Amino acid sequence: MKKVGNILGIIGLFALVIGLFLLLIQPEVTAIPLVIMGIALLLILVYAITNFQDVKSFFTARSTKYGSNMLVLILITLGIIAVINYIAVRHPYKFDLNRDKIYSLSDQTIKVLKGVKSEVKAYAFYPPDAPETERLRDLFENYKYHNSLFTYEFVDPIKNPERVNAFGITSTGPRIVLKSSERESRVKDPTEEGLTNGLIAVVKAEKKKIYFVTGHSEWDIDSKEETGYSLTAEAIRKEGVEVAKINIGTERIPQDASALVIAGPKKLFLPEEVKAIGDYLQEKMGRLIVMLEPEIKTGLEGLLLDYGVNVGNDFIVDPMSRAFGMGASIPLVAQYSDHEITKGFDAASFFPTSRTVSPVQTIPPGTSVKTIASTTPTSWAETDLESVKRGEVSFTEGVDTKGPLSIAVAVSKKHASATENSPDIRIVVFGDSEFANNKFRPYSGNGDLFNNTVNWVTQREDLISIRPKKRASSRIFLTQVEANIVKMTTMIGIPFIFFAGAVALAIIRRKK
């Protein structure tokens, strides 16, 4: 009987350890570890009964008294670990110590997630061994961490062909589907940017549509050339905004126009066209983005002046840009105002061949006109445009204006008959149009600045932020000498230290 009790006691101890381990690692207390621990205590009790004399002798021995102190310390330590584990599971907090924060979501993604008020579920059609599965799981967990209403499910397309057919999934098409109670979105790009854009399409019920004005040699949103705007148009579409063209000389401005964009006109607007834009702003509480170029008279100057924006007849020069590999004709913009478009914006942007745009001295009543971006103090506004053509510019005191210079202005104005909750007229004017083309859009903050502008004029302020970037991997390059040092340290040095420590410990114990 005593032998059986010993065996049951050993089994009981193992079961007790297993039960405690399960209790510590599980997010919630379940019946399984409690049952295991209950059985373990019962087995230990059987051992104690069958070995009563041994147990009694053990507890009355002097060594037990000293050992009990150690046992108390162990139990206290285990208790502290259990409490810490419970707090960590109930209130998790993540730290991203990576230099590029590659394990953190962007500001925009977090903003979008905060705006999710009802459950959104992601269905990812990838087999368990697919290379994308583990990366997507980490990404989904990050989204879920910031909003528990976001959930996800991986569907193995090989084992679940009926669900593949039900969702209309193909091997070449989108394999991630986001579904809410009313809307559905398909994610083409299995990255944070693609997933966030899909989430925007699901949670944003109201559709926005902006029209790029044509007919005056503006930049083409369909062109993939360096001077084209195809990248900008695609980026706007990804954020849930429809994009179209309009020639206001031959077409009426549609009712569904959330904003007009005039990107780099090189020909004069007719008075009838200027009037159509003015009527759109006044009668429909319209929104307008104007992007100008130096030396080009567009006919829009008077309209912009009515809204408190002065368009300078000058050319901005900034020698500081040479430090960034740019020419002096591409001014650097690193100063932004505390406006909704640029709030928290700290990325530099570059404006090739720019002119100044600034608030007038006397702002029209009921109008807010604010500079949102300025050039550096090393820049100046060159007024001798002929010297610019010759490439012989130099600052002339009393004639040219020293920087910082206003290069982008935001206007908002309430209509005279508008109520407090009525939409306001919104206009943004840039002294350059090339900063958002296919060549310069990827530079630093250029793309974000334009997208933020679109979101502000279309009243989507909650999406104004820094978008997900493609982060470069971190690499370390060692010389041959450094590589040999690392090799000798890991293969010989560290093992020798452990070996020497073990020998020293053995000698010390022997002497005792």
Side-chain angles (χ1 to χ4, degrees), residues 193 197 210-239 241-247 259-267 269 287-298 300 311 315-318 321-322 324-334 336 341-342 345 347-357 372-373 375 379 388 407-410 427-458 466-467 469-470:
E193 183 176 10
N197 289 329
I210 64 173
Y211 287 84
F212 280 77
V213 176
T214 64
H216 315 87
S217 298
E218 293 90 349
W219 304 120
D220 187 2
I221 60 173
D222 294 327
S223 172
K224 292 181 171 55
E225 301 292 329
E226 285 190 342
T227 56
Y229 258 52
S230 61
L231 290 180
T232 286
E234 181 61 24
I236 296 169
R237 291 189 186 102
K238 282 184 176 180
E239 295 195 357
V241 178
E242 295 183 39
V243 178
K245 298 179 183 180
I246 185 172
N247 187 329
L260 297 179
V261 180
I262 302 173
K266 299 168 189 64
K267 295 180 181 178
F269 278 72
R287 315 298 166 83
L288 179 66
I289 300 174
V290 182
M291 309 163 76
L292 303 171
E293 287 293 318
E295 301 185 72
I296 297 176
K297 187 173 178 62
T298 63
L300 299 170
V311 178
F315 188 99
I316 299 177
V317 179
D318 187 4
S321 298
R322 293 195 180 101
F324 295 88
M326 304 288 182
S329 62
I330 305 178
L332 169 69
V333 174
Y336 304 98
I341 295 175
T342 52
F345 199 88
S349 47
F350 297 90
F351 285 63
T353 59
S354 309
R355 69 198 303 174
T356 59
V357 290
I372 60 172
T375 59
S379 64
V388 173
I407 200 169
V409 169
I427 304 171
V428 179
V429 186
F430 291 97
D432 173 57
S433 64
E434 294 175 286
F435 80 95
N437 67 17
N438 294 340
K439 180 179 180 179
F440 287 98
R441 175 185 170 81
Y443 283 34
S444 196
N446 286 20
D448 284 339
L449 181 60
F450 184 78
N451 281 39
N452 284 0
T453 301
V454 171
N455 286 328
W456 181 72
V457 297
T458 56
I466 309 301
R467 283 141 192 91
K469 303 292 183 184
K470 293 181 179 178

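What you see is a predicted model, and the numbers here were worked out from it, not measured in a lab.
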side-chain contact (heavy atoms from CB on, under 4.5 Å) between S349 and F440, intermediate numbers included: CA-CA 9 Å; S349 47; F440 287 98; over 6 Å; no
Stepwise side-chain contact (heavy atoms from CB on, under 4.5 Å) test for K439 and N446: CA-CA 11 Å; K439 180 179 180 179; N446 286 20; over 6 Å; no
side-chain hydrogen bond (donor to acceptor under 3.5 Å, both in side chains) evaluation trace for N438 with S230: CA-CA 7 Å; N438 294 340; S230 61; 3.2 Å; yes
M291 and F450: CA distance, side-chain angles, deciding distance, side-chain contact (heavy atoms from CB on, under 4.5 Å) verdict: CA-CA 10 Å; M291 309 163 76; F450 184 78; 3.6 Å; yes
Steps toward side-chain contact (heavy atoms from CB on, under 4.5 Å) verdict (I221, I236): CA-CA 11 Å; I221 60 173; I236 296 169; over 6 Å; no
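Atom-to-atom distance recorded for N452:CG and T342:OG1 is 8.5 Å, nearest 0.5 angstrom. The CD atom of E218 sits 12.0 Å away from atom CD of E293, with the distance rounded to the nearest 0.5 Å. Put simply, CZ on F435 and CD1 on I407 are 9.0 Å apart, with the number rounded to the nearest 0.5 Å. Rounding to the nearest 0.5 angstrom, the gap separating the CD1 atom in I427 from the CG atom in L260 is 10.5 Å. How far CG of D220 is from CD of E225: 10.0 Å, rounded to the nearest 0.5 Å. To the nearest 0.5 angstrom, F350 atom CZ is 8.5 Å from I330 atom CD1.
Among all heavy-atom pairs drawn from K266 and S217, the shortest one is NZ-O, 3.0 Å. Residues K245 and D222 share a closest heavy-atom pair of NZ-OD2, 2.8 Å. Annotation for R441 and A235: closest pair NH2-CB, 3.0 Å, computed over non-hydrogen atoms. Among all heavy-atom pairs drawn from D318 and P331, the shortest one is CB-CA, 3.7 Å. Here the shortest heavy-atom pairing between L449 and F351 reads CD2-CZ, 3.7 Å. Across S321 and L332, no two heavy atoms sit closer than the pair OG-N, 3.3 Å.
The main-chain N or O of G445 is never found under 3.5 Å from a side-chain atom of D448 such that the two would form a donor-acceptor pair. Checking side-chain atoms of T375 against main-chain N and O of V333 turns up no donor-acceptor pair under 3.5 Å. Put simply, the side chain of R355 gets close to the backbone of I296: a donor and an acceptor are under 3.5 Å apart.
In this structure, Y229 and F212 have perpendicular ring planes: the angle between them is above 60°, well past the 30° mark. Ring geometry for Y336 against F345 counts as perpendicular: the plane angle is over 60°, on a 0 to 90° scale with 30° as the lower cut.
Here the rule is side-chain contact (heavy atoms from CB on, under 4.5 Å) with L292, and of V311, I262, D432 only V311 fits it. Partner of F430 under the side-chain contact (heavy atoms from CB on, under 4.5 Å) criterion, out of V290, I289, V357: I289 alone.
Looking at heavy atoms from C-beta onward, W219 lies out of side-chain contact with N437 at the 4.5 angstrom threshold. The closest side-chain heavy-atom distance from V457 to I210 is not below 4.5 Å.
By the ring-ring contact (aromatic ring centres under 6.0 Å, His included) test, Y211 pairs with no residue at all, sequence neighbours left out.
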